*Asks:* 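Can you read through this structure? Questions will come right after.
Here the structure is a predicted model, which means the values were calculated and not measured. Side-chain atoms are counted along with the backbone in the values below, which use heavy atoms only and exclude waters and symmetry mates.
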Amino acid sequence: MSPPFVFPQTLIALEENSGDDASHLSVQDLTCVSSLRPPDLEEFVKGVSFDLSDKELFCVEEQDVFDRIYSLVKGFGELTLSCKLNIVESLRSNFSVLLPNIDSLFRAPTSPGVHDGSRVLDRVNSHRNAFKIYTFFLIHVVISQEATSSSGNTTKVPSNGRKKHPASSWNWEAQRGRILNLIANSLEINLSLLFGSSDPDDNYLSFVVRSSLSMFENPTLLKDADAKEALCRVIGTCATKYHYLAQSCASILHLLHKHDFVVTHLADAAAWAEKKYSDGSLCISLIREIGRTNPKDYVKDTAGAENIGRFLVELADRLPKLISTNIGLLVPHFGGESYKIRNALVGVLGKLVAKAFNDIEGEVSTKSIRLRTKQAMLEILLERARDVSAYTRSRVLQVWAELCEEHSVTIGLWNEVAVVAAGRLEDKSAIVRKSALSLLIMMLQHNPFGPQLRVTSFEATLKEYTKKLNELEPNRFSESVLDASQLDRDSGNEDDEKAEGPKKQDDSLTDSCVAQEDEQSTQMDSSVPDVGNLEQTRTLIASLEAGLRFSRCISDTMPTLVQLMASSSATDVENTILLLMRCKQFQIDGSEACLRKMLPLVFSQDKSICEAVENAFVTIYITKNPLETAKNLIALAVDSNIGDLAALEFIVGALVSKGDISASTVSALWDYFCFNVSGTSAERCRGALSVLCMAAKSSADILSSHLQDIIDIGFGRWAKVEPLLARTACIALQRLSAVDQKNLLTSHGSRLFGVLDSLITGSWIPEHIWYAAADKAISTIYAIHPSPETLAADLVIRSHNSVFGVDGLQNDNNVLNAVQVSKLSRFLFVISHVAMNQLVYIESCVRKIQKDKAKKEKMAAEGQNVDSNCKPKEDDINAELGVAATEDAVLDILSERAEKEIVSSPSTEKNLIGYCAPFLSKLCRNFILMQKYPELQASGMLALCRLMIIDANFCEANLQLLFTVVESAPSETVRSNCTIALGDLAVRFPNLLEPWTENMYSRLHDPSLSVRKNAVLVLSHLILNDMMKVKGHINEMAMRLEDEDERISNLAKLFFHELSKKGNNPIYNLLPDILGKLANQDLKRESFFNIMQFLIGSIKKDKQMEALVEKLCHRFSGVTDARQWENISYCLSQLSFTDKGIKKLIELFKVYEHVLSNDTVMDHFRSIINKGKKFAKPELKSCIEEFEGKIDKFHVDKKEQELTARNAAAHQQKTDAMKNIILGNNIQEESNESEGAEAGEVMDPSMEGTSDAPSNQNTLKPVESEECSHASSEVIQLEPCDDDEVQSPQFVPKGTTKLRAKKSSCASVKAESHAGTMRSTRSRKR
């Protein structure tokens, strides 16, 4: 009998135990396979295969066969493909035959005899040995071949081997699957027959589990479905059937921490074990081990935490009921620091809620427990929406979205989830906001309340059903009263008591009513169908109330969604647009208005946002029905403001170019414009023409087919009904192509200009519309008329005569009192707008001449000279003489002269506009009249600004007037217009406006919101386009960061954000100056901190941050105010410190050491130190700690010095007061003695006046010096005094000499002696 086989730790370990020791089977005679020639190797393999097939199955335990098989398995990688195939097939076939024999071991009939028992035992031992050996060698064959395949070393097969055995005969993937499945099958037979107990020995199980889990580390092997399934069976069987749990769990967890690709496969193994044996011990053991792990360990091992989390989610997906009963082991990890584990637990709860509680079988008590467990899980999910980690908050919202999609959220919980999602829209993290938006989209898509969620519809339906409920309740109560009349005759009391019952039950709904509610909610309409009994009606009412709350919750988020559309995150904008589209689909209140605010986003620099806006626009407004599409576009054009119209024009133009707006849609728009569609109003007509004008910007041919209709309808009777129609018609005429303009002039020229003339000079358009219409009408004249200046001159003269008459301005000094204000306002508008259009016309003519000249030069350069008479020699001469440059100079002179002649002419005679300019200037200087007529002032100042833009001399002459008006005009409209005009003047005449820069910045402090907003816009435009230098007044713009109006504050933030992108970030250079000037402003501390925090946040470069450290530290030396110390230290604390920055701060300690006594300054320095410790390396960290101790010690020393100085000053003050008291007492004694000595002397009455004067003076001196200490004042009060009035003694203030004190004391003594003598004399006289 062969010795028993024991599984070694490694394959080579079988060689180490070779020798005569027969305790267990080992290798005795090793054959080196690599040294054999190919023919010899094949013969060797054939010999082994023959022995395995010819002898008994137990021959493998014979020493010779065992040694030869070991030699082949050890050198398996060096075998040829045919040799591999032979040895693998032999081992596998023998093992597959051995397995059925094990079951029949004890069933085989045996003859009675003495040695029968020992013979059976020997047979069992042989089977066990062979079973182990076959398992050992087959597993090592797989490991060896996989190692060879993964290393990329392909076996080199000799040529003769290839010829005899093609490569196709060796398919390792198929062999591997068969071998592993055979191993798995071997574990599923009754091994207790071999091993004598229910479980095999640990040596065998340890080898199988260890080898199988090592194969899990090969991702290529796991891609083979058969091999992976076999490995999962091996692991599951060993751990579950043979109770090899502890070691298996430890190895599995080790694998999970090490590799991420094994997560799903190991979860499959655990799920297979539970399904096969109805035993979840493997899964429970893994959960228990994970639950026992210290949560802090997951903080260190982030990759392992993520893998463990994924594994838990996979388990919950596969075994939801099992995990739900053991979830308590994992809940404590919600308090851990690893957000990845919390994310996983949230995902686990989501899987459990969706899958673990779907069955309705079981006892009532069990169902109650499961419902409570589910409710607890849902509460945890709601609570985790406020997790400290943004990743966890985002994951919670994603889980809720999954639950909504799977219809696992009850109607009672629906609104709570909606409120949580709406609140997370304002989360500081972009990923949370994205998840919240996705959740709301999912909730709308799967809402249980119906396809329409209008609040008014819910309220109306709810009102009807509530009325129906009130009708049903009295019938029920009357029946109950009749039934109970025999017990209690007092039916009135019963009615009162029962009337309260239904009202209380309305607030509580069970989840069992959800199915009924879903069916009934689809029947909501005005007819109020009969839904059944009282309980069903209550259920429907509760459903309606829930739907109403949900609709209101979504509609309340509209302001937040508008803010999100202005977010800097592209994902916020894109998902917000998707949510608004879904809201529009379900008719949420306010969604239509919010979608219109989406239109300006088409101008975004982010291409993804532009595409999202265009896609949303096409989805919502462009339909398959051309009439419906036209109707949508007309509604947008009619109700949009100026900004939205510009965005709409851009989108329509882009869609026309792409072909998304078809020709049939354009035709439908013309039908609306021509009133061919029934029910078309004048407003819709105007909207249709407006959309057509937008489309004509991309394709001008759209307007060519309806020129007659544009004139007839645009300026006909409908223009009086809809005044803006004429303005839109003017825009359409300007969009005509050059060919269409010529055709229009030929066929309808005179009529068209007559209509435009009547529009400008007539009065058939309302006052508030006339200005916009006249603006476009004048522009149209200059756009299509061949000589617009002649027609414009006639317009100006006609408008002038309608106001002043034929005599003109010079013959009527009191003209302002004689004309109507409205006519004068219109006249001023006409002359100013004609002047502006004349300027634009001159510039366009110059550009046209230059363009033609450049075209001719290009043709001449290509040898295609237009003029055949010009000779090349003449061209060369002209070039040498500089004729071309002279032509350019002449053109510039002529254009400059033409521009100047618009307002002022060098000749003695003034031109048409120049004739009115002095009058306009005089009119605007009449402030009394302007205040009396604010509309006239608005029109007059607008005209004045336009003329100033045209002419430099006129601008210089009226600049003082303009700034006076912009500062003192009572009308904010006038101030806003003038502020905007200042921006245009700064662009055209920068040198003239440069001295007035400070006055332009002062508009930022205007009390009017509109003026401040326009000032911010104007200055932003000028500075960002390099038209105005950023001078020392930029602090005024910085103060607008904390403006009371949010829009102005956002505009200021946008300005500084764009400014930081220019060049080398000008904010870096401006920051110290802004800091110094803001410190002198009367700003709240919080506002100052917010401004500086924002500005410092726009500086990103480390070098600039390091330089700012030095600049700010040096500012401490030039400042003595404690508040400025605090401001500078706060700015320092907001910097992003690097290693160099920290070192520089430490080096400059001497510069700011004197400010460290301030507590607030110290707090800011401590925050800098705390930030530095987070990123510092060990060497720098020690320096920071040393620096921290240094400033703390210096702070304490400084505080002690200040305390000592204060105590010394108080002590000195007290000492001086005591000296004065003593000196006063001595003087009092001397005066008493002198009074006694001179008591007999009689004073001259004439000296009475002179003696009183010094006495009075000395009496006042102690009153002037009352600034003594509290201690000295107490001493003074205790001094004895003969008189009733207590007189304070004199003391010498600090800085005076004792000599002066003595002189004053002597003077007081003399005065007192004189006064005493006079009193005694008077008494004697009496």
*Asks:* Using atom types as modelled and distance alone, determine if a side-chain donor or acceptor of S567 lies under 3.5 Å from a backbone N or O of D572.
*Replies:* no
*Asks:* Keeping T665 on the side-chain end and I661 on the backbone end, is there a donor-acceptor pair under 3.5 Å?
*Replies:* no
*Asks:* Give a yes or no on whether R1047 atom CZ has more than 12 heavy-atom contacts from other residues, nucleotides or ligands under 6.0 Å away.
*Replies:* no
*Asks:* Can E722 and R717 be counted as an ion pair, charged N to O under 4.0 angstrom?
*Replies:* no
*Asks:* Evaluate the criterion salt bridge (Lys or Arg N to Asp or Glu O under 4.0 Å) for residue pair E426 and R433; output intermediate values, then yes/no.
*Replies:* CA-CA 7 Å; E426 300 181 23; R433 297 194 298 270; over 6 Å; no
*Asks:* Would you mind reporting whether L437 and L561 have side-chain heavy atoms less than 4.5 Å apart?
*Replies:* yes
*Asks:* Does atom NZ of K1061 have more than 12 heavy-atom neighbours, drawn from other residues, nucleotides or ligands, at distances under 6.0 Å?
*Replies:* yes
*Asks:* Is the closest basic N to carboxylate O distance between R596 and D639 below 4.0 Å?
*Replies:* yes
*Asks:* Within the supplied structure, the quantity of interest is the number of heavy atoms (other residues, nucleotides, ligands) at a distance under 6.0 Å from K1062 NZ; does it exceed 12?
*Replies:* yes
*Asks:* When you check the gap from the basic side-chain N to the acidic O, do R735 and E649 get nearer than 4.0 Å?
*Replies:* yes
*Asks:* Would the F673 and H706 ring centres measure less than 6.0 Å apart?
*Replies:* no
*Asks:* Check R1012 with D1045, please: is the shortest side-chain N to carboxylate O separation under 4.0 Å?
*Replies:* no
